[in-house]
There are 2 protein chains.
Amino acid sequence: MINGPKRTIISRRARPAKEPLSHEQIVQTAYRLLEDEGLPGMTMRKIAKALDTGPSSLYVYVKNAQELNAYVMDYALGQLQLPQEHDGPWKTRLFGALEAYFELLQHRPGLAELAVTTIPAGVNALSLTEYLLSALHEAGIVSRSAAWGADLFMFYVSSFLYEKTSEARGTMPMPLIQETYRSADPARFPHIARLQQEIFSGNIEARERFRWGLEVILQGLLQAKQDNA
Amino acid sequence: MINGPKRTIISRRARPAKEPLSHEQIVQTAYRLLEDEGLPGMTMRKIAKALDTGPSSLYVYVKNAQELNAYVMDYALGQLQLPQEHDGPWKTRLFGALEAYFELLQHRPGLAELAVTTIPAGVNALSLTEYLLSALHEAGIVSRSAAWGADLFMFYVSSFLYEKTSEARGTMPMPLIQETYRSADPARFPHIARLQQEIFSGNIEARERFRWGLEVILQGLLQAKQDNA
DNA sequence: TATCATAACGAACGACGTTCGTAAAGAACA
DNA sequence: TGTTCTTTACGAACGTCGTTCGTTATGATA
């Protein structure tokens with residue numbers, strides 16, 4: 001057919017070339033978006049846009065969004081500053097690690113939700129687990145109790161903060177829930193009526209309630225140690 | 001302007017009339033879809049289709065999807081068969097109620113995910129809470145410990161089942177996670193390497209592990225009762 | 001019979017995750 | 001140096017989602 005001068009290939013791409021992407025770059029960008037805009041800001045499309053590319057480009061390095069979530073979660077755990085090993089008694093280390101996790105989830109909007117809905121698979125998740133197991137071991141909690149106990153502790157942290165941040169996320173109108181309990185018929189729900197203040201924890205700092213839960217679980221674990229193997 | 005014969009108004013609606021919708025009808029339909037197809041089956045559009053209408057029609061009775069989730073969750077709690085009050089010792093009633101909750105979440109695909117991500121606001125949630133508070137009261141666990149303890153128990157149930165059903169939902173490829181732990185460097189992660197079997201709980205029934213957690217939390221609560229007020 | 005608030009609903013908007021076909025880039029090899 | 005082939009990049013599109021808007025029907029009230 002009739003050709004132009006030399007058949008100069010006109011690139012259909014908008015930009016001529018680009019430094020290549022990478023797995024790590026994608027995860028870091030996703031995490032930064034999560035920090036800045038919360039979970040709604042961390043979508044495949046927005047990550048791609050932040051990297052100045054299209055969403056389909058990400059699928060070379062990541063199987064799907066769910067998998068990326070797991071990587072981001074593990075990357076976030078990498079930010080954890082765990083207390084030095086052999087630094088103070090085991091309880092200080094145990095609670096110190098869990099409180100560090102607490103603060104991490106608290107200060108990154110949307111990270112708590114991510115923690116609840118994805119199981120992080122990566123070396124940083126292993127590090128946290130190992131750290132907890134180590135402290136529990138020193139406490140004399142071993143084997144099954146230790147393995148399940150570490151899981152229970154981590155569940156507790158993420159669940160606690162997921163609920164705590166649900167108001168900030170606008171997920172649930174907290175006043176409406178409070179109203180449901182407040183208007184509960186004292187005849188049908190006498191205990192609820194009596195425990196109003198405690199349920200919504202009066203003026204108590206969230207940190208105190210969190211700490212209370214840690215104590216409860218720990219005491220339970222120590223108790224279970226005595227009961228059976 | 002020039003008119004046709006009589007300006008017969010041609011309805012733009014496909015159907016001439018319909019029996020009206022209702023809040024309850026919508027919630028029930030949503031719950032049925034949740035039972036049949038899991039959480040992905042319970043979308044505004046699919047609920048509307050099941051009711052033979054359009055999605056916008058639902059917004060007369062429900063503010064948004066999130067609110068509908070809360071109603072559906074509470075409706076699901078209404079299906080709970082709690083042990084008779086004053087039927088057996090308090091521990092039997094306490095664990096009986098929590099295990100009934102356990103089974104409810106276990107048998108309805110997607111309900112565990114719903115339980116984790118929404119705070120049910122309704123009379124059925126109140127009933128469950130009241131029931132737990134009553135049993136805890138009889139155990140001598142009162143006030144702050146009772147209020148927070150009931151919450152902790154319910155968290156535990158939904159978190160436990162959310163993780164347990166995450167494989168069935170295809171959310172996380174369980175073998176991949178297991179592989180992460182199995183291939184953990186024994187030098188860096190000695191405790192993890194040693195506790196392989198316990199972490200993935202060998203051949204242990206999920207029910208047994210669940211029950212273990214209930215015991216731990218309960219023992220912790222009983223212990224905390226002695227320690228402070 | 002006229003008025004008016006409520007309910008129903010079609011259409012559309014803007015987001016989402018993901019897939020597909022194709023173009024560019026770079027490595028391997030001749 | 002020239003050719004082949006695998007990997008990476010990416011525009012376009014598909015189907016889905018929640019939600020909003022404007023309009024029409026409905027049924028109670030005046």
Side-chain angles (χ1 to χ4, degrees), chain A residues 7-26 29-30 33-34 37-72 110 113-114 117-118 169-173, chain B residues 7-27 29-30 33-34 37-72 110 113-114 117-118 169-172:
Chain A
R7 182 176 129 75
T8 63
I9 295 174
I10 301 297
S11 168
R12 302 201 322 199
R13 280 148 126 155
R15 286 169 306 283
K18 285 271 302 295
E19 51 182 324
L21 296 172
S22 74
H23 186 99
E24 199 187 3
Q25 197 183 11
I26 291 174
T29 303
L33 283 172
L34 181 70
E37 312 173 23
L39 207 53
M42 195 186 68
T43 70
M44 298 301 266
R45 302 180 104 96
K46 288 175 181 170
I47 295 166
K49 179 166 285 185
L51 288 167
D52 196 27
T53 182
S56 59
S57 303
L58 307 179
Y59 286 82
V60 176
Y61 302 93
V62 153
K63 198 160 77 53
N64 53 35
Q66 183 69 240
E67 191 191 277
L68 178 57
N69 282 349
Y71 289 132
V72 171
E113 188 170 356
L114 200 62
T117 53
T118 88
R169 284 195 318 279
T171 303
M172 280 272 95
Chain B
R7 182 176 130 75
T8 62
I9 295 173
I10 301 297
S11 170
R12 301 202 322 203
R13 280 149 125 157
R15 287 170 304 285
K18 285 270 303 296
E19 50 182 325
L21 296 172
S22 74
H23 185 100
E24 199 187 3
Q25 197 182 10
I26 291 174
V27 173
T29 303
L33 284 172
L34 181 70
E37 312 173 26
L39 208 52
M42 196 186 67
T43 71
M44 298 300 266
R45 301 181 105 95
K46 288 177 182 169
I47 296 166
K49 180 166 282 182
L51 288 167
D52 196 27
T53 183
S56 60
S57 304
L58 306 179
Y59 286 81
V60 175
Y61 301 94
V62 154
K63 196 160 78 55
N64 53 34
Q66 183 69 241
E67 191 190 277
L68 178 56
N69 282 349
Y71 288 132
V72 170
E113 188 170 356
L114 200 62
T117 52
T118 87
R169 282 196 319 278
T171 303
M172 280 273 95

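Residue numbers begin at 1 in each chain, while the letters A, B, ... track the order of the sequences. FYI, side chains are in, hydrogens and waters are out, and symmetry mates aren't considered; it's all heavy atoms of this structure. All values reported here derive from a predicted model rather than from experimental measurement.
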Next item on the list: Please tell me if the side chains of B:Leu114 and B:Val72 come closer than 4.5 Å, counting only heavy atoms from C-beta onward.
Entry: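 Result yes, sub-4.5 Å side-chain heavy-atom pair found.
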
Check: Would you call A:Lys63 and A:Leu68 a side-chain contact if the rule is heavy atoms closer than 4.5 Å?
Finding: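 The answer is no; the side chains never approach within 4.5 Å.
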
Expressed as a whole number of angstroms, how long is the span from [X]:[atom1] to [N]:[atom2]?
{"X": "A:Ile47", "N": "C:dG17", "atom1": "CD1", "atom2": "P", "answer": "8 Å"}
{"X": "A:Lys49", "N": "D:dA9", "atom1": "NZ", "atom2": "P", "answer": "19 Å"}
{"X": "A:Glu67", "N": "C:dT18", "atom1": "CD", "atom2": "C1'", "answer": "14 Å"}
{"X": "A:Leu58", "N": "C:dT19", "atom1": "CG", "atom2": "P", "answer": "13 Å"}
{"X": "B:Ile26", "N": "C:dA8", "atom1": "CD1", "atom2": "P", "answer": "8 Å"}
{"X": "B:Gln25", "N": "C:dA7", "atom1": "CD", "atom2": "P", "answer": "14 Å"}
{"X": "A:Lys63", "N": "C:dT18", "atom1": "NZ", "atom2": "P", "answer": "9 Å"}
{"X": "B:Leu68", "N": "D:dT19", "atom1": "CG", "atom2": "P", "answer": "10 Å"}

Can you name the side-chain contact (heavy atoms from CB on, under 4.5 Å) partners of [X], sequence neighbours left out?
{"X": "A:Ser22", "result": "A:Glu24, A:Gln25"}
{"X": "A:Lys49", "result": "none"}
{"X": "A:Ala65", "result": "A:Met44"}
{"X": "A:Glu37", "result": "A:Leu33"}

Check: Using a cut-off of 4.0 Å on non-hydrogen atoms, how would the nucleic acid contact of B:Tyr61 be classed: base, sugar-phosphate, or nothing?
Finding: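 Answer is sugar-phosphate: B:Tyr61 comes under 4.0 Å of backbone atoms only.
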
Item checked: A:Thr29: partners by side-chain hydrogen bond (donor to acceptor under 3.5 Å, both in side chains), with sequence neighbours left out ->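 If we apply the side-chain hydrogen bond (donor to acceptor under 3.5 Å, both in side chains) test to A:Thr29, skipping adjacent residues, there are no hits.
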
Check: Has A:Thr53 got a side-chain N or O lying under 4.0 Å from the OP1 or OP2 atom of D:dC10?
Finding: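 Yes, such a contact exists.
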
Given [options], identify the nucleotide with an atom nearest to the side chain of [X].
{"X": "B:Pro55", "options": "D:dT20, D:dC10, D:dT19", "value": "D:dT19"}
{"X": "A:Val60", "options": "D:dA9, D:dT19, C:dC9", "value": "D:dA9"}
{"X": "A:Tyr59", "options": "C:dT19, C:dC9, D:dC10", "value": "C:dT19"}

Margin query: Which residues in residues 38-46 of chain B have a heavy atom closer than 4.0 Å to any atom of DNA chain D?
Written below: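 When residues 38-46 of chain B is checked for heavy atoms under 4.0 Å from DNA chain D, the hits, listed by number, are B:Thr43, B:Met44, B:Arg45, B:Lys46.
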
